[in-house]
Structures are given as structure tokens and as C-alpha cells.
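Right, one structure below, let's go through it.
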Amino acid sequence: MDKDDFNKDEILQKAMSFSLVQISEDSKNLSDEYKTNHNQIPWTDIYGLRNRIVHYYGNVDLTIVFETLKNDIPEVLKLMLEFA
């Protein structure tokens, strides 16, 4: 999916934004030891994006959401699979 298609689909935008919030919430449940041992993962950025989506939902930059989904999530997933 390209950015134009993403920008046209409000339901998908909301679903993906919710998914990013859920990733952050789930990551907060990980132990400090785990996060320290896996400090290659940008934990602070994950929490920061969650805060922007939750507290500024009407003004969320969809370009950031799209780029996060397209570029950052696959990279974080790759890192996490290396730990498995």
C-alpha cells in the first residue's frame, strides 16, 4: 500500500494507529532487564509515538504513522526475531 492509499482510508489509519498504541502498551509490560538487554530497540521512541497518538489524536501526522508502519516496524520486528 502506498501513502496515498493509506491517507484515503480513515478506518485503516485508525486501526493502524491503535495497533501502534497497543505495541507501546505491551512493551511497557516487558521487564526492565529485558529492555536493557535489548537496548537496540528504540523503547523511548515507541512510547513517544504512543503519547502523540493518544494525546494529540486529532493532530497526528499521518506521514509519521505511515513511515513508522512502513519502515520502523519491520526493522524492530527484525531485531526482535534476532533475539528469539
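Atom set for the values below is all heavy atoms of this structure, side chains included, hydrogens, waters and symmetry mates excluded. Residues: numbered from 1 along the sequence shown.
- Residues passing the side chain to side chain contact (heavy atoms under 4.5 Å, CB included) test with T36, sequence neighbours excluded: none.
- For the side-chain hydrogen bond (donor to acceptor under 3.5 Å, both in side chains) test, no residue two or more places apart in sequence or in another chain qualifies with Q40.
- Within 6.0 Å of CD in E82 there are more than 12 heavy atoms belonging to other residues, nucleotides or ligands.
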Side-chain donor-acceptor distances from residues 72-80 under 3.5 Å, at least two apart:
none

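- Applying the side chain to side chain contact (heavy atoms under 4.5 Å, CB included) rule to N71 yields the partners E67; only residues at least two apart in sequence or on another chain are considered.
- Under the rule for a side-chain hydrogen bond (donor to acceptor under 3.5 Å, both in side chains), the partners of K3 that lie at least two apart in sequence or sit in another chain are T63.
- Through direct or indirect side-chain contacts shorter than 4.5 Å among Ile, Leu, Val, Met, Phe, Trp and Tyr, I11 is connected to no other residue.
- At a threshold of 4.5 Å between non-hydrogen side-chain atoms, the residues I53 and F18 do not count as touching.
- The side chain to side chain contact (heavy atoms under 4.5 Å, CB included) check on D2 picks up D4, D5, with sequence neighbours excluded.
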Quiz item: After noting the C-alpha distance and the side-chain angles of N51 and Y56, does the key distance pass the side-chain contact (heavy atoms from CB on, under 4.5 Å) rule?
Solution: CA-CA 8 Å; N51 291 339; Y56 301 103; over 6 Å; no
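- Here the straight-line distance linking atom OG1 of T44 with atom CG of L49 works out to 12.5 Å at 0.5 Å rounding.
- Remark: L12 engages M1, F6, D9, M16 in a side chain to side chain contact (heavy atoms under 4.5 Å, CB included) (not counting sequence neighbours).
- Partners of Y47 according to the ring-ring contact (aromatic ring centres under 6.0 Å, His included) rule, which considers only residues two or more places apart in sequence or in another chain, do not exist here.
- Under the 3.5 Å distance criterion, the side-chain polar atoms of Q13 are matched with a main-chain donor or acceptor of N7.
- Going from atom OH of Y34 over to atom OG of S27 covers 10.5 Å, rounded to the nearest 0.5 Å.
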Would you be so kind as to tabulate the donor-acceptor pairs closer than 3.5 Å made by side chains of residues 19-26, with sequence neighbours excluded?
residue	atom	partner	partner atom	Å
S19	OG	A15	O	3.1
Q22	NE2	D26	OD1	3.1
E25	OE2	R50	NE	2.6
E25	OE2	R50	NH2	3.0

